[in-house]
Amino acid sequence: MALRLFDSLTREIRELKPSQGDGVLRFYNCGPTVYAAAHIGNFRTFVVNDVIRRLLDRQFGASHVLHVRNLTDVDDKTIRRSREEGRPLQEVTRHWTSKFHSDCAALNCLPPHVEPTATGHIEEQIGMIAALERRGHAYRTDDGSVYFKVSSFPEYGSLSRVKERELKTGSALKTASADADEKEDGSDFALWKAHKADDGDVFWPSPWGQGRPGWHIECSAMSKKHLGPTIDLHTGGVDLLFPHHENEIAQSQCCNGQLFSHHWYHSEHLLVDGKKMSKSLGNLYTLDDLAAKGFRPMAVRYALLAGHPRKQLNFTLEALPAAEKALTTLRTFRDTLPATGGDPTALASVIAALDDDLNTPGALGALFTRINQGPAGLDRATFDETIHLLGLVLTAPPAAGQDAPPHVQELAAQRWAAKQARDFKAADLLRASLLETGWTMLDRKDGYTLERTKR
RNA sequence: GGCGCGGUAGCCAAGUGGUAAGGCCGAGCUCUGCAAAAGCUCUAUGCGACGGUUCGAUUCCGUCCCGCGCCUCCA
């Protein structure tokens, strides 16, 4: 079995394979803008990409996969944040980069092999822009900015079919961006942005004067530097399809004179309560928000994988208890398995679902279907190997109740004593008293634990 | 207005031209004094509506209704 993924460019499901002689699969995944804590919608994309990475590792061997995921550490949002907080840009982006890393680790996402930053590749970006200018694909404006001339690239729009829509709607597409006046054409986009007062001390020297790179060029430059001019797979969220990826194709191909990426994959958005997340709707969650409600990151990961990656997934808080329960079932089942000696192909149906355009809900369904047939013929090695592809970690939730207040501890001790004395009437009364304090006593084999009463 | 996606049980969600995976919830049962945990069983004559193609459609085609996303720097 080989991994087949939908390709946004050709709009068909195609097998992934390395295009170059060294057999290395070159994989570029558009990363986050580090100006705030990433929300679970962002993480849907990163978790999905993590599963892709794991499947690629499995298929081609970990040493034959090169995974690059960038950090956007300079743009309007990061600069605005820096100014609002009165802190240097680097300090802000370093902080949120670190937060992103710890969140990724909590979600058990494998780190990419290279994690380049936009500010770390200013030279490369300037080099590409200069090359585009030389080749007649870019032009300067009076304020010292440089724009990509979309009309110079006839294939522009092939990914998003933006041309079709423009032909039909004519002038219906309004250009709302602030720099519209400077552009020759509404579809042109910034490669280099001249320094403005709002940028403060964020600028670099360039052949066009002080300024900073446009957003799209960073991915073209970093991808080229770390993976070469032609890559095998480029991914991101659907919202990046246009204009970001469309612009990347234009820049890279006009600059390098060769195909940019053999395969494009876009994961769909996560909706919360039926709507796209937004602060104004109050339905935007970060991992910390959910942790505060008592949900572990692994439950979030499970919930994110419970929907098909190319379909909008409607996330609700109710999904998390369901995910926790499902993880418990998986863990409990795993513990009944012998270490080895089972059929190594026992879970082939799970892997087949993943290989078939990353059907994660189908894979989970296949997994539970097999589990419901009982443990016979399955061993832990095979089970773990399969679970590893999904990146699920099946450790038990931390024991709750150690922080019970003294009077609760006292009641519990009394009840335990009553039970040992087989005075069940007293024991039941004490259990009722405990419930009133908001705690539940769970009898174990050789003792008991205390948990906050659920609901 | 354009482009794209979706409407499957209380909730979430796969899937197929041949008669509906799975998870959660709920119900019953087993086992533990009780409770919890765990295990077992059950839960859509039905897949937005109406037409069409077909021996047969939830699955293909058409129309309609509803929801969602994108349309210049949002994963």
Side-chain angles (χ1 to χ4, degrees), chain A residues 11 29-33 38-49 72 75-77 150 160-162 164-180 183 186-190 193 214-216 235-244 246-247 266-271 274-278 302-303 306-308 310-316 318-330 332-333 336 349 353 359-372 419 422 424-425 427-428 431-432 434-435 440-445 448-449 451 454:
Chain A
R11 298 200 172 197
N29 167 19
C30 277
T33 302
H39 55 64
I40 57 172
N42 296 314
F43 281 119
R44 178 184 199 196
T45 297
F46 298 124
V47 165
V48 164
N49 275 273
T72 297
D75 78 325
D76 291 350
K77 293 193 296 288
V150 167
S160 62
R161 301 185 169 183
V162 72
E164 283 179 23
R165 77 180 72 161
E166 280 195 331
L167 277 174
K168 284 180 185 168
T169 61
S171 61
L173 249 184
K174 294 278 182 284
T175 308
S177 52
D179 51 12
K183 295 194 272 192
S187 340
D188 293 348
F189 55 92
K193 306 175 81 155
W215 173 39
H216 314 295
T235 67
V238 273
D239 50 332
L240 297 185
L241 206 142
F242 183 84
H244 187 53
E246 198 73 73
N247 293 352
H266 295 92
S267 46
E268 254 296 348
H269 276 302
L270 181 76
L271 305 180
K275 300 276 184 187
K276 185 176 171 179
M277 274 186 286
S278 74
Y302 186 98
H308 191 110
R310 286 200 298 109
K311 208 172 142 184
Q312 290 172 347
L313 172 63
N314 185 24
F315 177 89
T316 60
E318 289 76 62
L320 293 173
E324 293 275 14
K325 187 72 195 310
L327 287 169
T328 300
T329 301
L330 291 177
T332 307
F333 179 79
T336 68
S349 58
N359 187 349
T360 52
L364 290 171
L367 181 60
F368 278 96
T369 299
R370 179 60 185 79
I371 283 176
N372 291 336
K419 179 185 169 179
R422 303 196 66 78
F424 297 127
K425 199 169 179 183
D428 288 349
R431 176 182 286 288
L434 269 168
L435 276 174
T440 301
M441 188 167 174
L442 303 175
D443 294 8
R444 306 296 185 188
K445 258 184 187 167
Y448 59 89
T449 58
E451 278 182 10
K454 289 169 186 164

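We use all heavy atoms of the structure for the numbers below, so side chains are in, but hydrogens, waters and symmetry mates are not. Numbers restart at 1 for each chain; the letters A, B, ... are given by sequence-line order, proteins then strands.
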Side chain of A/Arg11: nearest nucleotide among B/U72, B/G4, B/A36? B/G4
May I ask you to test the A/Asn42-A/Pro32 pair for a side-chain heavy-atom distance under 4.5 Å? no
What nucleotide, of B/A38, B/C34, B/G23, holds the atom closest to the side chain of A/Thr328? B/A38
From NZ of A/Lys311 across to C1' of B/C12 the rounded distance in Å is 11 Å
Would the base of B/A35 count as contacting A/Arg431 through its side chain, where contact means a donor and an acceptor less than 3.5 Å apart? yes
Is there a donor N/O on one and an acceptor N/O on the other, under 3.5 Å, for the side chain of A/His308 and the base of B/A14? no
I'd like to know if A/Asp443 reaches the base of B/C34 with its side chain, counting only an N/O donor and acceptor under 3.5 Å. yes
Which part of the nucleic acid, if any, lies within contact of A/Gly236, taking any heavy atom under 4.0 Å across all strands shown: a base, the sugar-phosphate backbone alone, or nothing? sugar-phosphate
Touch check for A/His39, heavy atoms < 4.0 angstrom, all strands: base, sugar-phosphate only, or nothing? base
Nearest-Å distance once atom P is located in both B/A75 and B/G48: 33 Å
Nearest to the side chain of A/Leu313, which nucleotide is it out of B/C24, B/A13, B/G4? B/A13
Separation of the P atoms in B/C31 and B/A36, to the nearest angstrom: 15 Å
Specify the closest pair of heavy atoms between A/His216 and A/Phe189, including all atoms of both residues, with the distance to one decimal. CD2-CD1, 3.7 Å
Using whole Å, report how far CZ of A/Phe315 lies from P of B/G69. 17 Å
Using the C1' atom as the reference point in each nucleotide, state the distance between B/C60 and B/G56 in Å, no decimals. 13 Å
Do A/Leu270 and A/Phe315 come within less than 4.5 Å of each other through their side chains, counting heavy atoms only? yes
Can you list the stems that RNA chain B is part of, where a stem is at least 3 pairs in a row, each Watson-Crick or G-U, with both distances below 3.5 Å? B:1-7 with B:65-71, B:10-12 with B:22-24, B:26-30 with B:38-42, B:48-52 with B:60-64
Ignoring hydrogens and geometry, is there a side-chain-to-backbone donor-acceptor pair from A/Arg44 to A/Leu271 under 3.5 Å? no
By nearest atom, which of the nucleotides B/C74, B/G22, B/G39 is closest to the A/Thr332 side chain? B/G39
Check every strand shown and say whether A/Asn372 touches a base, only sugar-phosphate, or nothing at a heavy-atom separation below 4.0 Å. sugar-phosphate
Whole angstrom value for the distance that separates C1' of B/U32 from CZ of A/Arg422: 12 Å
Select from A/Gly362 and A/Leu240 the residue whose nearest nucleotide in RNA chain B is closer to the 5' end of that strand. A/Gly362
Taking all atoms of both residues into account, what is the closest heavy-atom pair of A/Ala323 and A/Ala303, and its distance? CB-N, 4.2 Å
What is the distance, to the nearest angstrom, from the CZ atom on A/Arg310 to the P atom on B/C5? 9 Å
Locate the shortest heavy-atom distance separating A/Thr45 from A/Ser267; write the atom from each residue and the value. OG1-OG, 3.4 Å
A/Thr33 side chain: which of B/G23, B/A75, B/G33 is closest? B/A75
For A/Asn314 and B/G7, is the shortest distance between a side-chain N/O and OP1 or OP2 below 4.0 Å? no
Check whether any side-chain heavy atom of A/Asp443 sits under 4.5 Å from a side-chain heavy atom of A/Arg431, and report yes or no. yes
Using the P atom on both, measure B/A49 against B/U58 and round to a whole Å. 10 Å
Report yes if a donor N or O on one partner sits less than 3.5 Å from an acceptor N or O on the other, where the partners are the side chain of A/Asp239 and the base of B/G69; otherwise report no. no
May I ask you to say what A/Asn247 touches in the nucleic acid, namely base, sugar-phosphate or nothing, with a heavy-atom cut-off under 4.0 Å? nothing
Counting distance only, does the side-chain N/O of A/Thr72 pair as donor-acceptor with the main-chain N or O of A/Gly31 below 3.5 Å? no
Pairwise P distance, B/A20 and B/G26 [rounded to whole Å]: 27 Å
Scan A/Ala306 against the nucleic acid and name what it touches under 4.0 Å (heavy atoms): base, sugar-phosphate only, or nothing. sugar-phosphate
Taking the P atom of each, how far is B/C47 from B/G7, in whole Å? 13 Å
Assign A/Phe424 to base, sugar-phosphate, or nothing according to its heavy-atom contacts below 4.0 angstrom with the strands shown. base
Quick one: is A/Thr45 getting a side-chain N or O under 4.0 Å of the B/C74 phosphate, OP1 or OP2? no
Return the nearest nucleotide to the side chain of A/Lys419; candidates are B/G33, B/A13, B/A75. B/G33
Nearest heavy-atom pair of A/Gly41 and A/Met277: which atoms, and what distance? N-CE, 3.1 Å
In whole Å, measure the gap between the P atoms of B/U45 and B/U8 for me. 15 Å
Within this structure, what is the NZ-to-P distance between A/Lys425 and B/C34, rounded to whole angstrom? 18 Å
Nearest whole Å is fine: how far is B/A14 C1' from A/Arg370 CZ? 20 Å
Check whether any side-chain nitrogen or oxygen of A/Lys325 sits under 4.0 Å from OP1 or OP2 of B/G23, and answer yes or no. no
Phosphate OP1/OP2 of B/C70 contacted by A/Lys276 side-chain N/O (<4.0 Å): yes
From B/C24, B/C71, B/G69, pick the nucleotide closest to the side chain of A/Phe242? B/C71
Regarding A/Gln312, tell me which of base, sugar-phosphate or nothing describes its non-hydrogen contacts under 4.0 Å with the strands shown. base
Indicate, with a heavy-atom threshold strictly under 4.0 Å, whether A/Leu442 touches base, sugar-phosphate, or nothing. base
Rounding to an integer number of Å, can you tell me how far A/Glu268 CD sits from B/C74 C1'? 13 Å
Look at all strands and tell whether A/Gly237 reaches a base, only sugar-phosphate, or nothing, counting heavy atoms closer than 4.0 Å. sugar-phosphate
Working for side chain to side chain contact (heavy atoms under 4.5 Å, CB included), residues A/Leu320 and A/Tyr302: CA-CA 8 Å; A/Leu320 293 173; A/Tyr302 186 98; over 6 Å; no
Tell whether A/Lys275 reaches the base of B/C68 with its side chain through a donor-acceptor pair below 3.5 angstrom. no
Which listed nucleotide (B/A36, B/A75, B/C24) is nearest to the side chain of A/Thr329? B/C24
So do A/Thr360 and A/Val48 actually touch side chain to side chain, heavy atoms under 4.5 Å? no
Separation of the C1' atoms in B/G51 and B/C12, to the nearest angstrom: 32 Å
Distance check, rounded to the nearest 0.5 Å: A/Glu268 atom CD versus A/Lys311 atom NZ? 11.0 Å
Select from A/Ala319 and A/Ala322 the residue whose nearest nucleotide in RNA chain B is closer to the 5' end of that strand. A/Ala319
Please report, rounded to the nearest Å, how far the C1' atom of B/C24 is from the CG atom of A/Leu330. 13 Å
